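I have placed the structure first, in the form of structure tokens, so that the comments after it can refer back to it.
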Amino acid sequence: MKTDSLYDNISSNIIQWWQNNKTLYPWRPVDGAPNPYHVWLSEIMLQQTTVGTVATYFTKFIQKWPSLEDLASSSLEDIFVQWQGLGYYSRARNLHKAAGILKHHFPRDEAGLQKIPGIGPYTSAAIVSIAFNKHAVVIDGNVKRVVSRLFGLEGEKSITEHATALTPHQEPGDYAQGIMDFGRLVCRPKNPLCPQCPLKQDCYAALHGLQATYPIKTPKPLKQQQYAAAFVALKDNSILLQEQNDKKLLQNLLTLPMTPWTRDQEWEDQDALKQAPFDLDWELSPVQIKHEFTHITLRVKVFKGALKASHKGLIPLENLPNYPISTLVKKIIQSID
DNA sequence: TGTCCACGTCT
DNA sequence: AAGACGTGGAC
């Protein structure tokens, strides 16, 4: 461990950097105290999701549901429509559950917050420090990168220890937001802005030219390749969609009729057509869709056909924004036109 | 094109 | 406790 004064010096520099470089995101108050509802909602959205993407969704959410009570009284279906495209849809399910709890009691401590669905160690610390300006150690991907470079660290335990020692008891809200913004904007994963970094003279990685070495990354498991066919059944200007109920992935969203996803690349088009929802004059689209999930790369062949009779599940194309649809399905529909 | 970001939470 | 769970943008 380094001396206390070095940690103090670094955290002061981070706070100062942030106060000079603070960006006004929609969830940050122009002046005055942060709104805990806004902090919670934004932090849930920011899990694994970039700031730019979240800004759009966050603004839509607070326009539709200006208060926590408004959100708590909404239906899960409405939350899904607004959440569509953001990904990690269990967050939307937990958001709906959590709103009902937080409306009655909004804990101001990490242990209490972690009992709420969707709030884990990182998010509880973020809410405590940002919304309530109380001491809590935030450790997200940015903090890990900054701390591992500053001190030349590898491994969870030492990073947590140093992040804890670095977290000041003064201005915890500014520090928490500061170190995460600093990591994103200055101590970037690639091409960090070391020449203009206020911490460069204290940074192990910068002093040794090891910025690219830290953080030490663990090898990721190979993505599984999977294959499927999707069926776009059209009637006038309507498209046939159905509920996703046969798999956990993309649960609660609407989907196109699809064959089961398989690891076998070598199936024939006729095999897919046997699993079509109707006996139709299906036409194979020349465009194959590739879609990346966290752990799966999916390649989809698309069959298009004209329905002769009306059918349950037909949705006018112009009404699609009112239904929860994944980006995968949007991509497939857009590829047809 | 392909890789990385992206530890975040839940199971 | 390792694996499941989405997406888009940077490079």
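Bear in mind that the values here come from a model prediction, so they are computed numbers and not experimental data. Lettering follows sequence order; numbering is per chain, from 1.
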TODO: Find which nucleotide of DNA chain C each of A/Asn191 and A/Gln48 is nearest to by heavy atoms, and output the residue with the more 5' nucleotide.
DONE: A/Gln48

- [ ] Report the distance from atom OH of A/Tyr89 to atom P of B/dC10, rounded to the nearest whole Å.
- [x] 19 Å

- [ ] Using a 4.0 Å heavy-atom cut-off across all strands, classify A/Ile139 as base, sugar-phosphate, or nothing.
- [x] nothing

Open item on the list: Distance check, rounded to the nearest 0.5 Å: A/Tyr122 atom OH versus A/Glu43 atom CD?
Closed with: 3.5 Å

- [ ] Looking at every strand, decide which applies to A/Gly52 at a 4.0 Å heavy-atom threshold: base, sugar-phosphate, or nothing.
- [x] nothing

TODO: Answer yes or no: is there a donor N or O on one side and an acceptor on the other, between the side chain of A/Asp174 and the main chain of A/Ile15, under 3.5 Å?
DONE: no

- [ ] Just call it for A/Thr49: base, sugar-phosphate, or nothing, with non-hydrogen atoms closer than 4.0 Å on any strand.
- [x] base

TODO: Return the value, rounded to whole Å, for the distance between atom CD of A/Gln114 and atom P of B/dT9.
DONE: 8 Å

Task: Interatomic distance where OH belongs to A/Tyr88 and C1' belongs to B/dT11 [whole Å] - done: 15 Å

TODO: Using atom NZ of A/Lys248 as one end and atom C1' of B/dT9 as the other, report the distance to the nearest whole Å.
DONE: 14 Å

Task: P spacing across the pair C/dC5 / B/dC5, given as an integer number of angstrom - done: 22 Å

TODO: Indicate yes or no: at least one non-hydrogen side-chain atom of A/Thr294 is less than 4.5 angstrom from one of A/Lys223.
DONE: no

Task: Step-by-step ring pair (Phe, Tyr, Trp, His ring centres under 6.0 Å) determination, A/Trp282 to A/Phe231 - done: CA-CA 8 Å; A/Trp282 295 106; A/Phe231 299 94; 5.1 Å; yes

Task: Value rounded to 0.5 Å, distance of CZ in A/Phe80 from NE2 in A/His96 - done: 10.5 Å

Task: Spacing between A/Tyr122 atom OH and B/dG8 atom P, to the nearest angstrom - done: 8 Å

TODO: Would you kindly give the CZ-to-P distance between A/Arg145 and B/dG8, to the nearest whole Å?
DONE: 10 Å

Open item on the list: Just the rounded figure in Å: distance from P of B/dC10 to CD1 of A/Ile44.
Closed with: 8 Å

Open item on the list: Quick check on DNA chain C: between A/Lys190 and A/Gln251, whose nearest nucleotide comes earlier from the 5' end?
Closed with: A/Gln251

Open item on the list: Work out how far the P atom of B/dG2 is from that of C/dG6, and round it to whole angstrom.
Closed with: 23 Å

Open item on the list: Tell me the interatomic distance from A/Lys223, atom NZ, to B/dT1, atom P, rounded to whole angstroms.
Closed with: 15 Å

- [ ] Give the dot-bracket string for DNA chain C, reading 5' to 3', where a pair is Watson-Crick or G-U wobble with both distances under 3.5 Å, ( ) marks pairs inside the strand, [ ] marks pairs crossing earlier ones, | marks a partner on another strand, and . marks unpaired.
- [x] .||||..||||

- [ ] Please check if the distance between the ring centroids of A/His295 and A/Phe293 is under 6.0 Å.
- [x] no

- [ ] Give a yes/no on whether any side-chain N or O of A/Lys290 is located under 4.0 angstrom from OP1 or OP2 of B/dG2.
- [x] yes

Task: Start and end of the DNA chain C segment that chain A contacts, any atom under 4.0 Å from a heavy atom - done: C/dA4 to C/dG8

Task: Between A/Arg299 and A/Gln225, a side-chain donor and acceptor under 3.5 Å - done: yes

Task: Of A/Pro215 and A/Thr294, the one whose closest DNA chain B nucleotide lies more 5' - done: A/Pro215

TODO: Assert yes or no for the condition that the ring centre distance of A/His311 to A/Phe278 is strictly below 6.0 Å.
DONE: yes

Open item on the list: Students often get this wrong, so: under 4.0 angstrom with heavy atoms, is A/Leu46 touching a base, only sugar-phosphate, or nothing?
Closed with: nothing

- [ ] For B/dA6 and C/dC11, measure between their P atoms and round to the nearest Å.
- [x] 14 Å

Open item on the list: Quick check on B/dT9: is either OP1 or OP2 less than 4.0 Å from any side-chain nitrogen or oxygen of A/Asn94?
Closed with: no

- [ ] Anything under 30° is parallel, anything over 60° is perpendicular, the rest tilted; go ahead and classify A/Trp17 against A/Phe182.
- [x] perpendicular

Task: hbond_proxy A/Glu156 side chain to B/dC7 base (donor-acceptor, 3.5 Å cutoff) - done: yes

Open item on the list: Using ring centroids (six-membered ring only for Trp), state whether A/Tyr204 and A/Phe151 fall under 6.0 Å.
Closed with: no

Task: Phosphate contact (B/dC5 OP1 or OP2) by A/Thr50 side-chain N/O below 4.0 Å - done: no

Open item on the list: Can you tell me how far apart NZ (A/Lys301) and OG (A/Ser285) are? Round to the nearest 0.5 Å.
Closed with: 11.5 Å

